[in-house]
Novice: 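One structure follows; several queries about it will come next.
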2 protein chains.
Amino acid sequence: MIDERQRRAIERLQQFGLRSTPQRRAIWNVFAQLGQGHLTAEEVLDRAQAELPELSRATVYKTLGEFVRVGLLRTVAGHGPLRFDPNLDASHHHFICERCQQIVDVHLTGIEQLRLQQPGLRVHRIRILVEGRCAACAAEPDA
Amino acid sequence: MIDERQRRAIERLQQFGLRSTPQRRAIWNVFAQLGQGHLTAEEVLDRAQAELPELSRATVYKTLGEFVRVGLLRTVAGHGPLRFDPNLDASHHHFICERCQQIVDVHLTGIEQLRLQQPGLRVHRIRILVEGRCAACAAEPDA
DNA sequence: CTCCGTGCAAAGATTTTGCAGGAAC
DNA sequence: GTTCCTGCAAAATCTTTGCACGGAG
């Protein structure tokens, strides 16, 4: 069970050309058991230390940077610290609730019809951030 | 000429319900003479100090926050520090060159056709960040 | 006159870096 | 054995805050 999890972590890291270390496995396992989510470096540190208490903050930052570089994670910039997203589905985007600040993955149709009105720009990726109120907060009265 | 500029700054601040102070006028004037652009707080400080050398960093941060709150500026989050955009055109979005990091305003058609596939979310705004290579950097060999 | 904005300095939050020892392959 | 990773501590970067004074309305 646990061994199975570690085996999968090792495999995943190697798929992306990374050496397998206890630190990297612990960090990867945080995301593997998370499913959908968007964690800050600090949150990753907290959770990964459950598996590996001596893990350091510097290693978390360096490792998250590596994971992004090789394509194992993507970043989500909003307010506050950078967040990391294990969902690699190229067609997903993000919704952020302006009241509770929660971020959720969303899918949008119609993206293929988007056309840039400026010539000369080579497009590699489109990031869409939808802002509004989540279901729970939409029911609330205030600002 | 200069008086005319200050008169316009005062008018603009009052339109948005803000008291007119030398600091706020100097900061507004930075954006007024900028046209299109996306400045960091530090860049705003540097430029505004040309008009008002004793302007402090804390005031710049507080004032930019106020300007955003009342709708005189919008923010652009990317890599690095937050940037501030005086372009209030609701239909404009941003292109960032992944090589030189320059941000330019862009227009996109087809945004009205975008549809969220999740129910229960109340949408207030959509921010689109297009990533790629600008014309100059597209000609370069690569990273 | 009252309230709000400003400046200073300090603190807080987030992220990066240099380097020595140790682990991965 | 070679290369790369890790941890520590320090620093760099970016932003916020508390408070006393002074200016705006």
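What you see below is based on every heavy atom in this structure, not just the backbone, and it leaves out hydrogens, waters and symmetry mates. Letters A, B, ... are given to chains in the order of the sequence lines, protein chains preceding strands, and every chain is numbered from 1.
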Novice: Can you pull out every salt bridge (Lys or Arg N to Asp or Glu O under 4.0 Å) where at least one residue sits in residues 75-90 of chain A? Sequence neighbours excluded, please.
Specialist: A:E43-A:R83
Novice: How do B:G80 and B:L18 order along DNA chain D: which one's closest nucleotide is nearer the 5' end?
Specialist: B:G80
Novice: Round to a whole Å and report the spacing from CG of A:L13 to P of D:dC4.
Specialist: 17 Å
Novice: Within residues 40-66 of chain B, find the residues that approach DNA chain D with a heavy atom at under 4.0 Å, and present them sorted by residue number.
Specialist: B:R57, B:A58, B:Y61, B:K62
Novice: In plain terms, say whether A:R8 and A:E4 are close enough for a salt bridge, that is, a side-chain N and a carboxylate O under 4.0 Å apart.
Specialist: yes
Novice: Please, which pairs that meet ring pair (Phe, Tyr, Trp, His ring centres under 6.0 Å) have at least one residue in residues 100-131 of chain A, sequence neighbours excluded?
Specialist: none
Novice: Suppose we screen for side-chain contact (heavy atoms from CB on, under 4.5 Å). Which residues come up paired with B:R125, at least two apart in sequence or across chains?
Specialist: A:E131, B:R74, B:R127
Novice: Any salt bridge (Lys or Arg N to Asp or Glu O under 4.0 Å) involving residues 44-54 of chain A? Give me the pairs, sequence neighbours left out, ordered by first then second residue.
Specialist: A:R5-A:E51
Novice: Going 5' to 3' along DNA chain C, between which two nucleotides do contacts with chain A fall, using a heavy-atom cut-off of 4.0 Å?
Specialist: C:dT14 to C:dC25
Novice: Filter on salt bridge (Lys or Arg N to Asp or Glu O under 4.0 Å), then keep only pairs touching residues 100-123 of chain A, sequence neighbours left out; what's left?
Specialist: none
Novice: Per the end-axis method with five pairs at each terminus, what is the bend angle of the helix from C:dC1-D:dG25 to C:dC25-D:dG1, to 10°?
Specialist: 50°
Novice: Can you pull the ring pair (Phe, Tyr, Trp, His ring centres under 6.0 Å) pairs that have at least one residue in residues 50-93 of chain A, sequence neighbours excluded?
Specialist: A:H92-A:H94
Novice: Starting at atom CZ of B:R83, determine the distance to atom P of D:dT13, rounded to an integer number of angstrom.
Specialist: 15 Å
Novice: Give me each pair satisfying salt bridge (Lys or Arg N to Asp or Glu O under 4.0 Å) with a member in residues 13-26 of chain A, each pair once, sequence neighbours excluded.
Specialist: none
Novice: Send over the distance from A:L82 CG to D:dT15 P, rounded to a whole Å.
Specialist: 13 Å
Novice: Output all residues satisfying side-chain contact (heavy atoms from CB on, under 4.5 Å) with B:V104, sequence neighbours left out; order by chain, then residue number.
Specialist: B:Q36, B:F95, B:Q102, B:V106
Novice: My understanding is that only residues two or more places apart in sequence, or in another chain, count here; which of them pass side-chain contact (heavy atoms from CB on, under 4.5 Å) with B:Q14?
Specialist: B:I10
